[in-house]
Structure formats: structure tokens, C-alpha cells
Amino acid sequence: MAVRTTSRLRYVSLALPMLLVGMAFSRVASATTVSAPPASSFFLNGLKGQAPTTRYYDFVVSERTGSPDGYSKPMLVVNGQWPGPTIEANQGDRLVVKVTNQLANNKTTIHYHGLLQNGTQYWDGVQGVSECGIPPGQSLTYDFPIGTFTGTTWWHGHFDAQYTDGISGALIVHNTDPAPAGFPTWDEEVVLQLSDIYHRSSYSIIADYMAGAQSPLALETPDSGAINGIGQYGGKGDYFDLELQPNKTYRLRLINTGSATDIRFSVDNHALTVIEADGTLLEPYSVTGVDIVPGQRYSVLLTTNQAAGPYWMRVELETAMMIPGTNDDIRGVIRYGTTNTSLPKNITDPGVPGSGLSDLNTTKLAPYTPDLPPARSKFYMSNFTFGLTSTGGVIAYMNGTSWQPLEGTFSLLEVQKTDGKYAPEGSSVQSRDQFFITEDSIETVDLLLVNEGPGDHPFHLHGHRPWIMGSGTGTFDGHELTPANPLRRDTFDIPSQGWMMIRYISDNPGPWTLHCHNAWHMAVGMLLQLNNLPSKALRMKIPQAILDQCKV
């Protein structure tokens, strides 16, 4: 293992004190506490079919005390609630989101996960890549067309690991074109944001992670979890309660907004039919449960055709380490056909009796409408692994480079300041810790990602929805990969001591991050940048407000 001295410990602790005694969770907040939105707010509003319009949102980021699982802790939240407001829009709409930073000491940003931002890379919301961050007391208005994305996604903080502390919410984009012929239909849509919960602030966890103060796996292990901001810990907390109607079909839009933990979602006695993955419509595939890695999204259809009553929704946190006192079995309730408000019987997971179904197998996911990629014209490889800091802490590397966010500037600005020559074509390292893959022409690129360590890693690629050409354990033998109907998704899981080949087209100008969506791994350097068409990116007009905030 490589040993490296690091100067990354520049995080500022949250201003609110850590309380050691949990308190019952309240859905009604004071001016200094966090509220959970009512269940009704997660039913979508039926915007589909409306004429294109501009949709406005005001986000105020602040520090508050919250207890989503019954344990009181400091949080960073938007508009005093967690999850934050759901953005719902149609393809063809424009989003205008004014973000005001009321944090005491830290900058912040908002990233719109999965939106391609073609021609507007400066609105991607990534610290040190597309902006410097919104300073305390200032605002920034993100203003962009939604573009071609359609489906289920989310927005979240992308400054340090702030979304761990609560800066996140759903983002749903309805398609403007009719659904493909024969595609399933449903009666109503509900958003379910599934998350792990940490009782410590992200800043203190990262500091210990890098200082070697505790086992990395222990630090990565969450204390509990939540469904739409409501969970349980130590006999306290509450249950997210979803009241449905009998004999209807619901599209449940599942989002793993957590920081590190894979989540298995299921509903007792009910089959789930998977119809979407990260914005790609799928051949319907019925399962008993769905495993979701951080940053991924699925839509599943659930039909309320069982006996009237309450049923458990189960969120199982698939942690790599068991720590006494943590809760990895999070529950919510679906009920229909009854006025009884009692909880379901406390039984083990019954699955879907008599169905013969099993859990989701991602190798069986197939796009409903085939979307075959063009033949590749370029190939690159990037390995990733971990090393040690001089104090025995953890640091991550991609191709031997451990990323740190630029300060006082950002990648797109550096591309423009150097007349597009910031990074030469091919792979290179800039500013000591910025690994780039640069293409100044439109190419079809295969990128082989090699996981040199134990444990799977959820990776997310900004600005693209690549094709998943293949993956496996062990060493890739170089054989040609020609899947018959490859899946396209922006967040994908690379197997332990294995590999994955993704294919993308370098047609979206600007530097785009490819990073592990385990918040702790990205925070210690597991990130590279795909620098597309710098000769075009240098002509982008970066808003003056972004440039001014780099001076603070």
C-alpha cells in the first residue's frame, strides 16, 4: 500500500452541538428543527402532458437539529426539511433553482444527478469542477433546460459529503413522447427516497477516515436508515406510512440517496415489477426485492390486490460490517382497504408466497427499446484502489492519482484560461491531483474500470448515460464485448476485484466527473474527469456569479 502525507483536513465542524440523548421524532418543525414532509407530498402531481414551461424553486440551505430515526443530531437541510423539496417537471421544461446558503462556515453546491447539462456544464454543481461553491450568506441561481433526460433521479449537495447530512431530494422528469407501444401503465406514482443515516456529521467522519482514528469499515457503517426521511433507531423514531387504494397499480420511484450502503427494498406479499433503471425504460421484470446501490434509481410497479390491511415496506441496509447497536432493518408501512391504523405483525420477511419469484438480478435488465451503441473508436483503462496517509488513514487513487477539489478555481475555468490546452488529448494529470481523459473530437470511447481491491464500488458518470458493455470478477481477458441489448445507466456497480467496461460518446463539452458514489471514497480521492471537446468548452459563457464566488 502506498503511503501519502495529506493536507486535506480542512473541513469545518457543524456549528450545532451533538446531542447524546435521542428524542422522539416530530413531523412538525420549529424554526431550528428539521421536519419530514407529509406522505401526501410524495405522490406526484400529474404534470405529464402540460405545455413546456419554466419551473421555479427556492432552496435555502441551513443547519438545523433533526431526529429522522429518533436520535437527535445536527443536519444540513433545504427549506428546513429532509428530504428536501421534490422537483417535478417535464422534458422540454426549464429549471430555475435559486440556492441560498445560510450555513455558518461552509460553501455548498447542488448537483442534478443524471441530467446531462449539454452546453451548460457550469450548472452541474460540482465543487472544483464546474464551480467553486456558494459562500455563506450568498445565493446562486441554477438556470438550465432539462434536456433529453426522462425518468427518476435526484438532486443533492456536491460539496464535500454534505448530502450525507441531509442536502438531497427527488427530481422526476416525465417524458413528452408517448410511452412505447405495449409498455405497462399505472394509476398513480409515488416517490420513495431510501437512505442510510449517520449520527455524526460527514465532516467528522471524513476527518477520522483520513486520520486513521477508527476502522474504515466501521466509519462507513451507518447507524440506521430512513424511508422518505423517517426511520427507527434504539426503539425510537417512526414509520413512513403510505395509504394506497385497493386494486390499483402504483409506480414506486425508488431512489437510494444514501452515502455508502446498498439497500434492498421489498414489500411483504407483493411482487415488484421493475420498469425503469436510471431513466432507461426496461422490459418488465417481476421480482421479490430490489437491490439499489447509492445513487441508483428504479421504478417498480406494485398492485394492491392482496387482502386489505397493512404491509411492511422493508429497507435492509446491506452493510459490510455489523456493529452492535446499529439498525439495518428499517421499516415503513403500506396499507389499503382498511381504516385500521395498526402496524403489521412483526414477522420475518415472507417474500411473495407461491410466486416463484426471486430478487433482482441486474444481468436480466434489458431496455424496452433497444439502443445499440456505435462501434468504439478509442479505448482507455483506469484502475482504482486505496492507500494510506502518513497517519494510517485511508486515501483513494484512480490511475495512481488521488483527487482533491481545486480551490479558488475549477476545472472548466482552467480549461478556458488555457485556451482549451489545460490537459492534452489522452490521459494526463494536471495540478498534481486532477486525472483527465481528454478527447477534442467526438469519439466513441470504451473505458475499462478495474477494481483492484475488495468490495463493490458504485460509480456515477456525470454528463453521460453510458452503455454497460460487460463486467466480471478477476482480470478482463480482452475479449470483444458485444451485448445484444446493452443497458444504459449513469450509476453502476463495479464488482469486488473485478472490472466493468462502459462506452460513452465524447459529444458533451466540458470536464465531467466519474466518481465512486460512496461518499467517503469520493471524499478521499476516488474521482477522475472526462474532458470532452475543450475547444468547444472554452467558448461556453460561464455566468459571472459563478466566477465572482471563486473570489470568496
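Quick caveat: nothing in here was measured; it's all calculated off a predicted structure.
- Other residues, nucleotides and ligands place no more than 12 heavy atoms under 6.0 Å from the NZ atom of Lys536.
- Using a distance-only test at 3.5 Å, with no hydrogens or angles considered, no donor-acceptor pair links the side chain of Asn531 to the main chain of Phe436.
- In summary, the aromatic rings of His113 and His158 are positioned with their centroids too far apart to meet the 6.0 Å limit.
- At a threshold of 4.5 Å between non-hydrogen side-chain atoms, the residues Met501 and Arg376 count as touching.
- Within a 6.0 Å radius of CD in Glu480, other residues, nucleotides and ligands contribute 12 heavy atoms or fewer.
- Although no hydrogens or angles enter the test, the distance criterion places a donor-acceptor pair under 3.5 Å between the side chain of Arg488 and the main chain of Arg465.
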As a quick check of understanding, evaluate side chain to side chain contact (heavy atoms under 4.5 Å, CB included) for Thr389 and Val394, giving each step before the final call. CA-CA 6 Å; Thr389 68; Val394 176; over 6 Å; no
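- Residues passing the side chain to side chain donor-acceptor pair (under 3.5 Å) test with Asn175 are Lys48, sequence neighbours excluded.
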Could you walk me through whether His521 and Glu220 pass the side chain to side chain donor-acceptor pair (under 3.5 Å) check? CA-CA 9 Å; His521 298 173; Glu220 290 182 25; 2.9 Å; yes
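- The two atoms that bring Ala170 and Gln193 nearest to each other are N-OE1, 3.2 Å, heavy atoms only.
- Leu103 is listed as a side-chain neighbour of Val61, based on a closest heavy-atom distance under 4.5 Å.
- Not counting sequence neighbours, Cys516 has no partner by the disulfide (SG to SG under 2.5 Å) test.
- Under a 3.5 Å cut-off, the side chain of Trp186 and the backbone N or O of Leu301 do not form any donor-acceptor pair.
- With hydrogens and angles ignored, the 3.5 Å screen pairs no side-chain donor or acceptor of Thr109 with any backbone N or O of Gly133.
- To the nearest 0.5 angstrom, Ile292 atom CD1 is 9.0 Å from Ile255 atom CD1.
- Identified under the disulfide bond (SG atoms under 2.5 Å apart) test for residues 429-481, with sequence neighbours left out: none.
- Residue Asp165 holds its CG atom at 3.5 Å from OG of Ser202, rounded to the nearest 0.5 Å.
- Remark: side-chain polar atoms of Asp93 are paired, donor with acceptor, to backbone N or O of Asn90 under 3.5 angstrom.
- Arg489 pairs in a side chain to side chain donor-acceptor pair (under 3.5 Å) with only one of the listed residues (Thr280, Asp278, Thr362), which is Asp278.
- Aromatic ring centroids of Phe410 and Tyr122 lie 6.0 Å or more apart.
- Taking each heavy atom of Ser299 and Thr152 in turn, the nearest pair found is OG-OG1, 3.3 Å.
- Annotation: cation-pi geometry not satisfied between Arg503 and Trp467 (NZ/CZ under 6.0 angstrom from ring centroid, within 45° of ring axis).
- Heavy-atom minimum distance, Thr438 versus Tyr380: O-OH, 4.0 Å.
- Taking the charged nitrogens against the carboxylate oxygens, Arg297 and Glu276 have no contact shorter than 4.0 Å, which rules out a salt bridge.
- Checked by atom type and distance alone, the side chain of Asn101 pairs as donor or acceptor with a backbone atom of Ile134 at under 3.5 Å.
- Shown here are the side chain to side chain donor-acceptor pair (under 3.5 Å) partners of Thr475, two or more places apart in sequence or in another chain: there are none.
- In this structure, the separation between CG on Asp446 and CE on Met381 is 13.5 Å, given to the nearest 0.5 Å.
- Here the OH atom belonging to Tyr198 is positioned 4.5 Å from the OG1 atom belonging to Thr261, to the nearest 0.5 angstrom.
- Annotation: salt bridge (charged side-chain N to carboxylate O under 4.0 Å, His left out) contacts of Lys541 (sequence neighbours excluded): none.
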Under the side chain to side chain donor-acceptor pair (under 3.5 Å) rule, what do Ser428 and Gln430 come out as? Steps first, then yes or no, please. CA-CA 7 Å; Ser428 65; Gln430 306 304 315; 3.0 Å; yes
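- Once rounded to the nearest 0.5 Å, the distance linking CE of Met526 with OG1 of Thr385 reads 7.0 Å.
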Could you walk me through whether Trp155 and Val78 pass side chain to side chain contact (heavy atoms under 4.5 Å, CB included), step by step? CA-CA 11 Å; Trp155 56 264; Val78 170; 3.6 Å; yes
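- At least one donor-acceptor pair under 3.5 Å links the side chain of Ser402 to the backbone N or O of Val524.
- Between His111 and Tyr142, the distance separating the two ring centers is not shorter than 6.0 angstrom.
- In this structure, the side chains of Asn508 and Leu116 come closer than 4.5 Å at one or more pairs of heavy atoms.
- Checked by atom type and distance alone, the side chain of Asn485 never pairs as donor or acceptor with a backbone atom of Thr369 at under 3.5 Å.
- Scanning both residues, Trp123 and Thr141, for their nearest heavy atoms gives CH2-O, 3.0 Å.
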Evaluate the side chain to side chain donor-acceptor pair (under 3.5 Å) criterion for residues Gln434 and Gln529: first the C-alpha distance (whole Å), next the side-chain angles of each, then the deciding distance (0.1 Å), finally the verdict. CA-CA 8 Å; Gln434 310 289 311; Gln529 295 171 64; 2.9 Å; yes
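- Annotation for Ser496 and Thr473: closest pair O-CG2, 4.1 Å, computed over non-hydrogen atoms.
- Exactly one of Gln117, His515, Gln121 qualifies for a side chain to side chain donor-acceptor pair (under 3.5 Å) with His462. That residue is His515.
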Does the side chain to side chain donor-acceptor pair (under 3.5 Å) test come out yes or no for Thr86 and Glu88, once each step is laid out? CA-CA 6 Å; Thr86 295; Glu88 186 179 1; over 6 Å; no
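- Proximity of a side-chain donor or acceptor of Gln102 to a complementary backbone N or O of Pro136 within less than 3.5 Å is not detected.
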Test log, rule side chain to side chain contact (heavy atoms under 4.5 Å, CB included), inputs Asn399 and Asn383: CA-CA 5 Å; Asn399 276 29; Asn383 59 351; 3.1 Å; yes
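- Ring centroids of Tyr112 and Phe144 are separated by less than 6.0 Å, placing the two rings close together.
- Note on Asp440 versus Lys421: no salt bridge recorded, every NZ/NE/NH1/NH2 to OD/OE distance being 4.0 Å or above.
- Residues Phe386 and Tyr397 place their aromatic rings such that the two centres sit no closer than 6.0 Å.
- Within the model, atoms NE2 of His517 and CG of Leu527 stand 10.5 Å from one another, a figure rounded to the nearest 0.5 Å.
- Taking Phe492 as the reference, nothing meets the ring-ring contact (aromatic ring centres under 6.0 Å, His included) condition, with sequence neighbours excluded.
- Side-chain contact between Leu360 and Val290 is present, with heavy atoms from C-beta onward closer than 4.5 Å.
- Under the 30°/60° scheme for interplanar angles, the aromatic rings of Tyr504 and His464 are found to stand perpendicular.
- At least one donor-acceptor pair closer than 3.5 Å links the side chain of Asn451 to the backbone N or O of Gly453.
- Contact annotation: the side chain of Trp512 approaches that of Asp124 to within less than 4.5 Å [non-hydrogen atoms, C-beta and beyond].
- A centroid separation of less than 6.0 Å is found between the aromatic rings of Phe476 and Trp499.
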